[in-house]
Amino acid sequence: MPDPLLADLTEPQRQAVLHTEGPLLVLAAAGSGKTRVITRRIAHLVRTGAPPWSILALTFTNKAAGEMRERVASLLGEGAVARGLTVTTFHSLCARLLRRYAEAAGLGQIRGDFTIYDTADQTALVKKVLAALELSGTNWPPRSVLSAISAAKNDLMDAPAFAAHAGDFYSKTIARVYTQYQKALTAANAADFDDLLVLTARMLRERGDIRGECQGRWRYLLIDEYQDTNRAQFVIAGLLAGGAAGGTGFQPASTPNICVVGDPDQAIYGWRGASISNILDFESQYPGCRVIKLGENFRSTAPILSVADTLIRSNKIRKHKDLFTKRAGGQPVEVVLTADERQEARLVSDWLRALHAGSGLGKGAPGQEATGSGTAWKDMAVFYRTNSLSRVIEDELRASGIPYVIARGTAFYQREEIRNALAYLRVIANPADEVSLLRVANTPPRGIGDAGIQALEVHAARTNVRMLDAMRGAGDIPGISGRSRGGMTKFVAMIDAWTGAGTFMGAGITGSLADLAARVVKESGLEGMYQAQAKTSGSESDAERLENLNELISSAAEFELEYDAAAEPGPAHPEDAAPPLLSLLRAYLESISLVADADMTDPDQGVVTMMTLHAAKGLEFAAVAMVGLEEGLLPHSRARESDADLEEERRLCFVGITRAMRRLLVTSAKHRTNRGLLERTIPSRFLGEFGPGVLVSDRSEEGARHALADDGPGWSPSPARGPEAQYPIGSLVRHPQFGLGQVVAVTAGAAARADIRFRDVGVKTLILEYARLKRVDL
DNA sequence: TAACAGGCAGTTTTT
DNA sequence: CTGCCTGTTA
C-alpha cells in the first residue's frame, strides 16, 4: 500500500522525506518542490512516531513559517500542529527563548519583559549616544555606525571584543559608540534585532543546562533557506542540533537530526552578514551527512528556466548544479527597452492587463491547464530592485485601474501616529524603555520641553532611577519649570491610571488589550491632536491618521482573539508570571516588531503584488514583470565593487526570474529620473547574460518624450569603470550649485571623489556619484 | 516652549 | 525629490 505522503514525489524528493535520522543537506534548486519536501518530511516524521513537539522548523519570515504550518496541518490535521510542533522564524524563536530563560541565564543585558528595538528605535538611541559622546551626526551617520555595530553582532563580536580589535581611529570610535549603545540598551531593558540572535547564541553556548533542555525537547531540527544564515544563526543551529558548532568544542550528542535546506544560487543576504559557507561547509561540519540534490524544476517553463540557468552560469564562485525541466514549450521571455520609467510603467501595466484579459497565457506547455479566461490578478507580480522604483509603477497601476498591493508589511507600523500610540503601549509594557518614553513624553505637547527633559535625564542618571520614576518626583528636581513639572505629573498619572499603578488591577482596569489600546489613543490626547490637525489642515492624510489609529485598535482586538496564552513560553518560575494583560500586550508588541515586508503578501487578495526582489524569494507567480534592469540599479551601484557583491546581484536577478511560472517580462528604461534629475542609463549587463531565446524589443521610440539621441546597440557589457574615469584631472565641470570648476584631484574606489576648484567658491571635495557634475570641456 | 522656515545631505536590499 | 536638522521667531 503506497504511502500517500510519498506517492507523488520524485525519487530524490522521496529520499529527502525518508531520511529522518542523522544530518541531511538538501540542495534544492529554485522551483524544485522544496516546500513540499519539507512539509512531507515533517508529516512523515510524525506519522512514524516522532512527537510533534520534538520537531523544530526554522524559517526566515513569518509568512514562510505560516505557510509551512498550514501545509503540515492539511497533511496531518490541526491536531498535530496543536501538539506543540514548532514552526517559527529564527528571530521569534530567539525572542521566546530569551523571554523564558534570560533572567535565569544571567545574561545581564535584559530581563524577560524586554522590548525589541527596531531600526527606528536603534537610530534614536544611537543618536543619543553620539550626542553624549559629542560626535557629530554628520561625521558619524547613525546609519553607518549602526551597520558597523550590526556587522559586529552578526559575527558574534560583543563591544569589548570589538574594542579589543579596534586599531584605527574609525574602529576605535565605533567601539566607543558600540559600548555606550549597548549600555543604553541594557538600561532600557531592550534588545535590538541582532541581540535576539547574539544573546541566544551566547546563552546556549554558556548554559549547558538550557542548551540541554532545548536539545532534549527538539530532537528534529529543520532549517529552511540555510544559505542565508549568518554566523549567529549558524551557531544557534549548531548548538540546538547538539553538533560541534563553529569550533566551540562541544561534543556532538550523537549524529544530530539536523536537516538544512537551501540553494547557494539564491543567497541574497550577504550584506546582512549571511555567509554561503555555512551551507557549503555543512558536509564537512557534519561528516557522514547525507546530501540530496533536487534539480528538477516543476515551476517554470523551459524558456524561463533557460534564461535563469544561462544567467547564473556567469557566476564564477559557484558550485554548478543542473537546473532542468522535463516539460517543453512555453512563451519566450520578453525583454523590452523603454524610453523612460513612465513608459516602462505603462508597458508593464498594459502587459498585465493583456494577460488578465486572456491573451496568450494558456498556450504553454502541454499538461498545463488552458486558462483561456486569462490570468488572475493575484497570479501576477511586479519586482524591482529598490523600493523607490515602486512609485511610478504604483501610479500607473492605479491610473489604469489594476488592483495591486505593495508588499510592505512594516509600512503601517512605521507611520508616525502608529509609532506614537505604540510608544505609549511600550512604556506600559516596559517602563524602562527610554526611547519610547522620550518619544511620547511630550506628544501631544504638554509643556515638557528640551530643558525639562535634559534636567530630568541628568537627575535620573544621578539618582540612578528610571526616567519614568524620576518623573513621579518631578517636583523635587531642580531646574524644571513649573510648566514642565505639570506635564510630567500628568504624564505619570496617565500611565498609572492605565496600569493600575503597575498592578493591572482595580477599578477601570480591563483585561482587554483592545480596550487598553483604545484608552491609550483617546486619553493620551493623540486622538485629539490628530483630530485638531485634520480640522485645521483639512487634508486627507491627517484624516487618514485617525483611521489608522482605529485600525491599530482593531489589530489589537484581532490579536487578542487569536492569542493563545497556553502556547506562550511561560517564565522559568511560575511566580514570575506577569498579569495576563501584560503578557498579552508584550506578545502583541513582539509580534509587531517581528513582521517582515514579505509577511504581508496575502495570496487571496485577488490583486497584483508589487515587491522588491528580496521580498520575492520563496514565492511564485504565473506572470512576473521585472523592471529597472539597468547598470547601477541591478546590479546596484553600491554592490558592484567586488566580484562577490556583483555575483550576489546576479543571484538576486536569478531569484526574480525563477519566481515566474509561465510568463516573464523584463524591462530596462533608457532614461530614468533619479532625484528630480533625468539621467541616461546603461542597460544591465545581466541582460546580455540571458542567452539566446529571449524576445527583445526596443519600444523607446514610441515613448520618447525628449529629443535625446539614441546611441549604440541595446546593450553590451558596460565598461567596468567607475565615475572617476569621466573626470580626469584638469577637466572642466559645472555643478548646479557651485558653478564652474576644474578638477584638481581624483580618488577612485567605493565612493569616488574629486577635489574641484570652483571659480567662485574655492576647492570642494565631492562624491562623484551624487555630485551632479557635468563636463563642460568636451 | 512651540511652530515654522530654510538649508543640507543622502541615496539598497531586511529580520 | 525627500526627509532631517538647525536656527529663528512669537
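The sequence lines fix the lettering, A, B, ..., with proteins before strands; numbering per chain opens at 1. Treat the numbers as computed from the prediction; the structure is a model and nothing was measured.
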Let me know the distance between CD of A/Glu341 and C1' of C/dC1, rounded to the nearest Å. 12 Å
Please tell me whether A/Thr443 and A/Asn420 have a donor and an acceptor in their side chains that are separated by less than 3.5 angstrom. no
Do A/Trp271 and the base of B/dT13 stack face to face, with centres under 5.5 Å apart and an angle between planes under 30°? yes
Contact class for A/Asn442 (heavy atom, under 4.0 Å): base, sugar-phosphate, or nothing? sugar-phosphate
The nucleotide from B/dT13, B/dT15, B/dT11 with an atom nearest the side chain of A/Arg638 is B/dT11
For B/dT12, is there a stacking contact with A/His636, counting only centres under 5.5 Å and planes under 30°? yes
If I take atom NZ in residue A/Lys153 and atom C1' in nucleotide B/dT14, what distance separates them, rounded to the nearest angstrom? 16 Å
A/Pro445 side chain, from C-beta outward: closest of B/dA2, C/dT2, B/dT13: B/dA2
Rounded to whole angstrom units, what separation is found between the CG atom of A/Asp192 and the P atom of B/dT14? 18 Å
Let me know the distance between NZ of A/Lys490 and C1' of B/dT1, rounded to the nearest Å. 14 Å
Whole angstrom value for the distance that separates P of B/dG10 from CG of A/Leu677: 17 Å
Between A/Ser275 and A/Ser277, does any side-chain donor sit less than 3.5 Å from a side-chain acceptor? yes
Please list, for nucleotides 5-9 of chain C, all pairs of protein and nucleotide N/O atoms separated by less than 3.5 Å.
from  : atom 1 : to       : atom 2 : distance (Å)
C/dC5 : OP1    : A/Lys127 : NZ     : 2.6

Counting any heavy atom closer than 4.0 Å, what does A/Phe193 reach on the DNA or RNA strands: base, sugar-phosphate only, or nothing? base
What class does the angle between the rings of A/Tyr170 and A/Trp140 fall in, given that below 30° is parallel, 30 to 60° is tilted and above 60° is perpendicular? parallel
So what does A/Arg651 touch, heavy atoms closer than 4.0 Å: a base, only the sugar-phosphate, or nothing? nothing
Does a nitrogen or oxygen in the side chain of A/Ser484 sit under 4.0 Å from OP1 or OP2 of B/dT1? yes
Does OP1 or OP2 of B/dT11 have a side-chain N or O of A/Ser388 closer than 4.0 Å? no
Short side-chain donor-acceptor distance under 3.5 Å, A/Tyr530 and A/Glu416: yes
Could a donor-acceptor pair under 3.5 angstrom be found where the side chain of A/Arg483 meets the base of B/dT1? no
For a quick check of understanding: with a heavy-atom distance under 4.0 Å over all strands, which category does A/Ser92 fall into, base, sugar-phosphate or nothing? nothing
Check every strand shown and say whether A/Asn674 touches a base, only sugar-phosphate, or nothing at a heavy-atom separation below 4.0 Å. nothing
note: A/Leu456, atom CG; B/dT1, atom P; distance rounded to Å ~ 12 Å
Please state whether the base of B/dT11 and the side chain of A/Arg675 form at least one donor-acceptor pair under 3.5 Å? yes
What is the distance, to the nearest angstrom, from the CG atom on A/Asp195 to the P atom on B/dT15? 17 Å
Hey, does A/Ala451 reach any base, or is it just sugar-phosphate, or nothing, if we go heavy atoms under 4.0 Å? sugar-phosphate
Just list the side-chain donor-acceptor pairs under 3.5 Å for residues 148-158 of chain A, sequence neighbours left out, or say none.
from     : atom 1 : to       : atom 2 : distance (Å)
A/Ser150 : OG     : A/Asp194 : OD2    : 2.8
A/Lys153 : NZ     : A/Gln182 : OE1    : 3.1
A/Lys153 : NZ     : A/Asp192 : OD1    : 3.3
A/Lys153 : NZ     : A/Asp192 : OD2    : 2.7
A/Lys153 : NZ     : A/Asp195 : OD1    : 2.8
A/Lys153 : NZ     : A/Asp195 : OD2    : 3.3
A/Asn154 : OD1    : A/Asn230 : ND2    : 3.2
A/Asn154 : ND2    : A/Ser150 : O      : 3.3
A/Asn154 : ND2    : A/Arg272 : O      : 3.0
A/Asp158 : OD1    : A/Ala161 : N      : 3.0

P atom, C/dC4 versus B/dT13: distance in rounded Å? 15 Å
What is the distance from CG of A/Asp118 to P of B/dT15, rounded to the nearest Å? 12 Å
Work out which heavy atom in A/Met471 is nearest to a heavy atom in A/Ala441; give both atom names and the distance. CE-CB, 3.9 Å
Stepwise ring pair (Phe, Tyr, Trp, His ring centres under 6.0 Å) check, A/His636 with A/Trp271: CA-CA 13 Å; A/His636 195 272; A/Trp271 53 273; over 10 Å; no
Is A/Arg446 near enough to B/dT1 that one of its side-chain N or O atoms lies under 4.0 angstrom from OP1 or OP2? no
Quiz question: by atom type and distance under 3.5 Å, do the side chains of A/Tyr588 and A/Ser555 form a donor-acceptor pair? yes
How do A/Glu649 and A/His91 order along DNA chain B: which one's closest nucleotide is nearer the 5' end? A/Glu649
Just call it for A/Phe90: base, sugar-phosphate, or nothing, with non-hydrogen atoms closer than 4.0 Å on any strand. nothing
Is there a donor-acceptor contact under 3.5 Å linking the side chains of A/Glu225 and A/Gln227? yes
